[in-house]
Amino acid sequence: MPKYQASEIEKKWQEDWEKNQVYQTNGQNHSKPKFYVLDMFPYPSGSGLHVGHPKGYIATDIVSRMKRQKGFNVLHPMGFDAFGLPAENFALKNKVHPRTSTEKNIETYIRQLKLIGLDYDWDRMISTIDPDYYKWTQWIFIKFFEKGLAYESFEPINWCPVDKTGLANEDLENGKCERCGSLVEKKLMRQWVLRITDYADRLLEDIEKLTDWEPSIKEMQRNWIGRSEGAEVNFQVKGFNQIIKIFTTRIDTIFGCTYVVLAPENKLIEELKSQISNWVEVNKYIEAVKNKSDLERTDLNKDKTGIILEGIKAINPFNNQEVDIYIADYVLNSYGTGAVMAVPAHDERDFEFATKYKIEIKKSIEAENQNNLPMTLDGILVDSGEFSGLKSTEARNEMIKWLEDRELGSRKINYKIKDWVFSRQRYWGEPIPIIHCESCGPVAVPEKDLPVRLPEVDQYEPSGTGESPLANMTDWVNTKCPKCGGTGKRETNTMPQWAGSSWYYLRFIDPKNDQQLVNKELEKFWSPVDLYVGGAEHATRHLIYARFWHKFLFDIGVVNHDEPFIRLHHVGIIMGEDERKMSKRWGNVINPDDVIKEFGADSLRLYEMFMGPFEQSVSWNTKGLVGIKRFLDKVFDEVNKVAQGNLEFDEKDLKKALNILHKTIQKVEKDIEEFKFNTAVSQMMIFVNSVMTLKLGDEARIIWKDFLKILAPFAPHLSEELWHLLGEKDFIVLSSWPKVNEEYLMDDTLNIVIQVNGKLREEIEVDKDLTEKEIIELAKKQENVTKFLDQKQIIKEIYVKGKLISFVVKD
RNA sequence: GCUGGGAUGGCGGAAUUGGUAGACGCGCGGGACUUAAAAUCCCGUAUCAGCAAUGAUGUGAGGGUUCGAUUCCCUCUCUCAGCACCA
């Protein structure tokens, strides 16, 4: 008998599949239903793939193969997100041009991915660094610019001193740079910003439409967008024209307001400067705050600090009471109006501050059994003038109406999400297609001049001055204004890593189109992406950005749907054998190439699916692979026996085999749909363990062929080999998925469990045609049941059809 | 602090309209084959008592609903992830 030689088999079929182009998507065939399944494309780092990376790719591969077998026109493409910091830093470190190193890395990735036997249509591969690709990234930017959604801003932004670039809010983790972990500084600089806040409401509301997304990811997005409903209230500065606008979600507590706080960066302070009698001290405080890092400022454990503005008072519009004005760094300038009304009795932060600075604490809400201050729950208003006695919820509506009638404020919704800081002071990114003209201001590069190619430079290290390395390229920078023909300078900032990935899924539909971003008819057929799989770390980054761009493209008529991804699954991380994240630093990285060499790609695929629930993180365990290899060995040996023929036959066994086969088809199909790959694999093991003991004669060929068809998405190479061994000429990967025959699913007998007072006492096997009455009578006769029924009164008999009988007895 | 998950044998994990807890795999114990080893095959494997039949206990802790709870409700502990002075 031959032995299962994975590497030979895999090489042979990979070459054969490629030669016959079995995985090429026919983009024009719209007669079959479509299925677009997509992996979050990787950025090709220098260290290549480790075994954790392909887990999600294997899952989508299995789904796409099953869908193909079920008659769908499948689109399953792969590409590379090749711009951005990691690629550039790798290149800097290794003293090569980023393009050279990136292209080399892409080659490595493709080689590794091909070894795994994934069914990508490589003809559609895209790379974000390809000028034919980033032409359209730039085109989208210009559309944003034309619609006023891309604008220049001069506000202070997050600046990473190590990576030497500005960052978006989404690029931070606990006040540190998500890439390199350095403390982020505030830096005042010119930057391009995308007005994502204009879409905040739609991004939030449409989460409801994403019924096939995991709830956890949706919740993260909701929190990130952070909508809060409240009111803006005008507090006039006594005796002056200036108005302090504050934002609050708890206007019902306003009669308890005893002071007002401005953020140290609030521009109003400069206007009030001349009225502030202790300006010297105040200015000192503001300077001190400026020198603090963001992390110091936002440290929750620290004491709250602030300073009173002497000489001025604010007036509470509801009761005309004069209250003190403070500045304090616990108020953020970047949220709401950068000013708050402080109600120490009903807000923890205000309470802490008021206690420290001995400010009056005035109660205006009462709730049952809540006597301790601060009391932050809703309740009944007290000492609140005409609003006393109202419930908080009612009061909020009434009081906003009151304000609006008098034009002293209005209903207001605020979001935590900030506009997207979109420029990077780095070399390796898409140039922002803008020309600055002395007379016209910033002007978009005309569409016919796209792409604006990233020039080749010798020095691409970041300058650290806030200028992009491109600024030194005078030949490139100096140009003509497309509008007036006068002298112009090119924008030298580049786009962030996230730009290219915010729309790439559209390009796969029509990757070679140089006339438009995507053909609208093709887009209509293929969009949206039916299944999208990738890491959970993208929940509030890539996935929000991509939804934002997609909605914009929808608004300008480029796409036909307003959400890009119908169904989303996140893949759980594979940890090292030491239960730490796989990393060079820990020396626990496992390379798929090595695993494939030793066990074969099919074993790797099956093992990664069998390890545990798909979404959960699990540790790698090489011993676990042994079990999978044994399983595939068994399949190989059994089918070889079947191929040799001369097997014994038993009619009863055939019935059993058909029963287990069809149960397996049904379960595997359902499990793949539900992303429960681990139980699909166990079911296939159950099938093999039981069928290998049966006498099936020549019928075995039929049984095993059907089984190979459902094994094929998991272990395509082995299945293909054995399929041909059983005499088939066409490819199994193009065969049709077996249909479940209900007739074979029926069992002849039922196992009925008998309980007495809820305790399991006996199990009986009965004919499936017996009536309820007959089964109960039979149950009562069982020795181990009579034992417990004896001398007792049966007060209840419960029968769960086909499953269980429960007697309830009393002495 | 807020939000969302999770806790089941020695290990990874199964079990959903409340109905046989521990499927499948690893590991471990015993046996067969072998001069021997590996591989392979067979049997066993939650805990306690028992030769066994069987009985008792058992799904993070405590309570509740129910004939019956890993599953539903209440209280709590631990843990993972995301956000975090967002007014």
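This one's a predicted model, so the numbers in the text were calculated from it and none came from an experiment. Labels below follow one simple rule: chain letters A, B, ... track the order of the sequence lines, proteins then strands, and each chain is numbered from 1.
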Could you pick out which residue, A/E762 or A/K796, lies toward the 5' side of RNA chain B when each is mapped onto its nearest nucleotide?
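Its nearest nucleotide lies further toward 5', so the answer is A/E762.
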Does A/T693 or A/E173 map to a spot on RNA chain B nearer the 5' end, using the closest nucleotide for each?
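Mapping each residue to its closest nucleotide by heavy atoms, the 5'-most match is A/T693.
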Complementary nucleotide for [N] - Watson-Crick or wobble, under 3.5 Å:
| N | answer |
| --- | --- |
| B/A38 | none |
| B/U3 | B/A81 |
| B/C48 | B/G55 |
| B/U17 | none |
| B/C33 | none |
| B/G12 | B/C24 |
| B/U70 | none |
| B/A87 | none |

Kindly point out which of [options] is positioned nearest to the side chain of [X]?
| X | options | value |
| --- | --- | --- |
| A/S228 | B/A14, B/U3, B/A87 | B/A87 |
| A/N784 | B/C24, B/G55, B/U57 | B/G55 |
| A/M220 | B/C67, B/C83, B/G82 | B/G82 |
| A/L804 | B/C83, B/G19, B/G25 | B/G19 |
| A/Q755 | B/A87, B/U57, B/G19 | B/G19 |
| A/P613 | B/G82, B/G19, B/A14 | B/A14 |
| A/L760 | B/A87, B/A21, B/C83 | B/A21 |
| A/N689 | B/G19, B/A84, B/C24 | B/C24 |

Once you round it to whole Å, what is the distance between [atom2] of [N] and [atom1] of [X]?
| X | N | atom1 | atom2 | value |
| --- | --- | --- | --- | --- |
| A/K803 | B/G68 | NZ | C1' | 14 Å |
| A/N169 | B/G82 | CG | C1' | 15 Å |
| A/I798 | B/A69 | CD1 | P | 12 Å |
| A/N223 | B/G82 | CG | P | 13 Å |
| A/I795 | B/G68 | CD1 | C1' | 13 Å |
| A/Y799 | B/G68 | OH | C1' | 17 Å |
| A/K667 | B/A15 | NZ | P | 6 Å |
| A/I573 | B/G5 | CD1 | P | 19 Å |

Please determine if a side-chain N or O atom of [X] lies less than 4.0 Å away from the OP1 or OP2 oxygen of [N].
| X | N | value |
| --- | --- | --- |
| A/N678 | B/G25 | no |
| A/R630 | B/U40 | yes |
| A/N757 | B/U66 | no |
| A/R761 | B/G55 | yes |
| A/Y335 | B/A87 | yes |
| A/K623 | B/C28 | no |

Any side-chain heavy atom of [X] within less than 4.5 Å of one from [Y]?
| X | Y | answer |
| --- | --- | --- |
| A/M609 | A/I62 | yes |
| A/M582 | A/W620 | yes |
| A/W498 | A/I544 | no |
| A/V533 | A/F614 | yes |
| A/L647 | A/V642 | yes |

Return yes if some donor-acceptor pair links the side-chain N/O of A/H346 with the main-chain N/O of A/I365 below 3.5 Å, else return no.
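Yes, the answer is positive, given that a donor and an acceptor are paired below the 3.5 Å cut-off.
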Judged by atom type as modelled, is there a donor-acceptor pair below 3.5 Å linking the side chain of A/R605 to the main-chain atoms of A/F714?
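It does hold such a pair.
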Distance between [atom1] atoms of [N] and [M] (Å, rounded):
| N | M | atom1 | result |
| --- | --- | --- | --- |
| B/U79 | B/C72 | P | 24 Å |
| B/G64 | B/C11 | P | 30 Å |
| B/U71 | B/G60 | C1' | 16 Å |
| B/A37 | B/G55 | P | 42 Å |
| B/A56 | B/A21 | P | 12 Å |
| B/C73 | B/U65 | P | 16 Å |
| B/A14 | B/G9 | P | 14 Å |
| B/U45 | B/A36 | C1' | 28 Å |

Only pairs at least two apart or in different chains count here, so list each salt bridge (charged side-chain N to carboxylate O under 4.0 Å, His left out) that has a residue in residues 213-228 of chain A.
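Pairs touching residues 213-228 of chain A that pass the test: A/D201-A/R227, A/E208-A/R222, A/E219-A/R222, A/R227-A/E229.
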Give one of base, sugar-phosphate or nothing for [X], where a contact means two heavy atoms less than 4.0 Å apart.
| X | result |
| --- | --- |
| A/I686 | sugar-phosphate |
| A/E219 | sugar-phosphate |
| A/F353 | nothing |
| A/V331 | base |

Can you check B/G60 for me, syn or anti if syn means within 90° of 0?
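You should classify B/G60 as anti.
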Centroid-centroid under 6.0 Å between A/F599 and A/Y607 rings:
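No, they do not, as the ring centres are separated by 6.0 Å or more.
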Protein-nucleotides 10-12 of chain B N/O pairs under 3.5 Å:
residue, atom, partner, partner atom, Å
B/G12, O2', A/M611, O, 2.7

Between A/R541 and A/E173, does any NZ, NE, NH1 or NH2 come within less than 4.0 Å of an OD or OE carboxylate oxygen?
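Yes, A/E173 and A/R541 are salt-bridged.
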Residue from A/K267, A/K186, A/K418 passing salt bridge (Lys or Arg N to Asp or Glu O under 4.0 Å) with A/E155
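Only one of A/K267, A/K186, A/K418 forms a salt bridge (Lys or Arg N to Asp or Glu O under 4.0 Å) with A/E155, namely A/K267.
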Tell me, with the steps shown, if A/F353 and A/Y259 meet ring pair (Phe, Tyr, Trp, His ring centres under 6.0 Å).
CA-CA 11 Å; A/F353 190 80; A/Y259 62 102; 5.7 Å; yes
